[in-house]
Amino acid sequence: DAGITQSPRHKVTETGTPVTLRCHQTENHRYMYWYRQDPGHGLRLIHYSYGVKDTDKGEVSDGYSVSRSKTEDFLLTLESATSSQTSVYFCAISDSGATNEKLFFGSGTQLSVL
Amino acid sequence: LAKTTQPISMDSYEGQEVNITCSHNNIATNDYITWYQQFPSQGPRFIIQGYKTKVTNEVASLFIPADRKSSTLSLPRVSLSDTAVYYCLVGPLDTGGFKTIFGAGTRLFVKA
């Protein structure tokens, strides 16, 4: 399995608090992604990165920010968490960033915003 | 990206062959077909990818007819551990897209 670690695995927080989720990879892949998964919506892309300090928005980026200061780490921050951000968050990596290229996923972070 | 349609759910029994069909009528010439598998509480996992005819690996086979407007993922002799959601994705392998789109997938439930 690809070396992808997400932390924390579970998080419960209150509305209005900041939350940071971490994705760490040991594959030296250039591209990293954050998805959220909700019932009835499948997986939706939040933000992605195509290199250190190079990031861009996905289809559901409002309320989220990301940072990538090292190849191996991609952080997702909810500046002020809302109940609508309760979800399972998955980090993924790929080597070339091609649209339909093989993605490797982490095990996910279950976030509950109360 | 081509829109895909696949059954919402399927049931099977251990030892049976399972075929999950995905429709993609608007597939483009440079599109590939990719299938992922997702177990509960885990991220999706790549299963197989193909462009035309048949592709086989240690996990599954992928059948793509000549018109490429549909594809069928075949799982031989399923076991209880094959219970998962299976996603069909269609898109090009060109760079810069970053738009791999996962739909709702097909929930396969394997019974004893």
Side-chain angles (χ1 to χ4, degrees), chain A residues 1-6 9-10 21 23 25 27 29-51 54-61 66 74 87-111, chain B residues 1-9 22 24 26-52 55 57 59-60 62 64 68 71 84-107:
Chain A
D1 286 345
I4 307 169
T5 304
Q6 291 187 233
R9 290 297 313 277
H10 299 89
L21 308 182
C23 178
Q25 60 141 332
E27 304 297 320
H29 279 4
R30 179 180 173 188
Y31 298 85
M32 300 185 74
Y33 313 80
W34 277 107
Y35 288 86
R36 62 177 289 175
Q37 186 170 38
D38 306 289
H41 289 278
L43 282 142
R44 292 181 291 174
L45 182 64
I46 304 171
H47 280 280
Y48 61 92
S49 170
Y50 46 98
D54 293 323
T55 65
D56 207 344
K57 297 178 180 179
E59 61 178 312
V60 290
S61 60
V66 290
F74 192 31
S87 185
V88 181
Y89 291 86
F90 288 101
C91 173
I93 64 174
S94 70
D95 203 17
S96 78
T99 298
N100 208 24
E101 190 208 10
K102 183 189 300 187
L103 292 170
F104 299 95
F105 284 83
S107 297
T109 295
Q110 172 70 61
L111 176 67
Chain B
L1 295 174
K3 178 179 169 58
T4 61
T5 302
Q6 50 183 125
I8 294 173
S9 64
C22 179
H24 28 80
N26 296 323
I27 190 168
T29 303
N30 60 340
D31 282 346
Y32 283 71
I33 300 155
T34 309
W35 285 81
Y36 283 81
Q37 174 190 55
Q38 185 178 23
F39 298 116
S41 302
Q42 293 186 28
R45 181 177 73 115
F46 173 91
I47 301 177
I48 198 166
Q49 184 177 74
Y51 183 81
K52 62 180 179 180
V55 180
N57 62 23
V59 176
L62 178 60
I64 306 168
R68 304 200 327 123
S71 58
V85 178
Y86 293 83
Y87 298 95
C88 168
L89 288 74
V90 173
L93 283 180
D94 58 343
T95 57
F98 309 114
K99 292 183 179 178
T100 300
I101 296 175
F102 288 79
T106 297
R107 291 187 173 277

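This is a predicted model, so every value here is computed, not measured. Chain naming here is simple, since letters A, B, ... match the order of the sequence lines and numbering starts at 1 in each.
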Nearest-0.5 Å distance that lies between atom OH in B:Tyr32 and atom CD in A:Glu101: 12.5 Å
Please flag which part of B:Gln42 lies under 4.5 Å from any non-hydrogen atom of chain A: side chain, backbone, both or neither. backbone
Which bit of B:Tyr36 is near chain A, if near means a heavy-atom gap under 4.5 Å: side chain, backbone, both or neither? side chain
With rounding to the nearest 0.5 angstrom, report the NZ to CD1 distance, A:Lys102 to B:Ile48. 11.0 Å
Please collect all salt bridge (Lys or Arg N to Asp or Glu O under 4.0 Å) contacts where either partner lies in residues 30-45 of chain A, sequence neighbours excluded, each pair once. A:Arg36-A:Asp38, A:Asp38-A:Arg44
A:Phe90/B:Phe102 aromatic ring centres below 6.0 Å: no
Identify which of B:Ser41, B:Ala104, B:Gly105, B:Pro44 forms the greatest number of heavy-atom pairs closer than 4.5 Å to chain A. B:Pro44
Whatever's closer than 4.5 Å to a heavy atom in chain B on A:Gln37 counts as side chain
Exam field: side chain B:Tyr87 to backbone A:Leu43, donor-acceptor pair closer than 3.5 Å: no
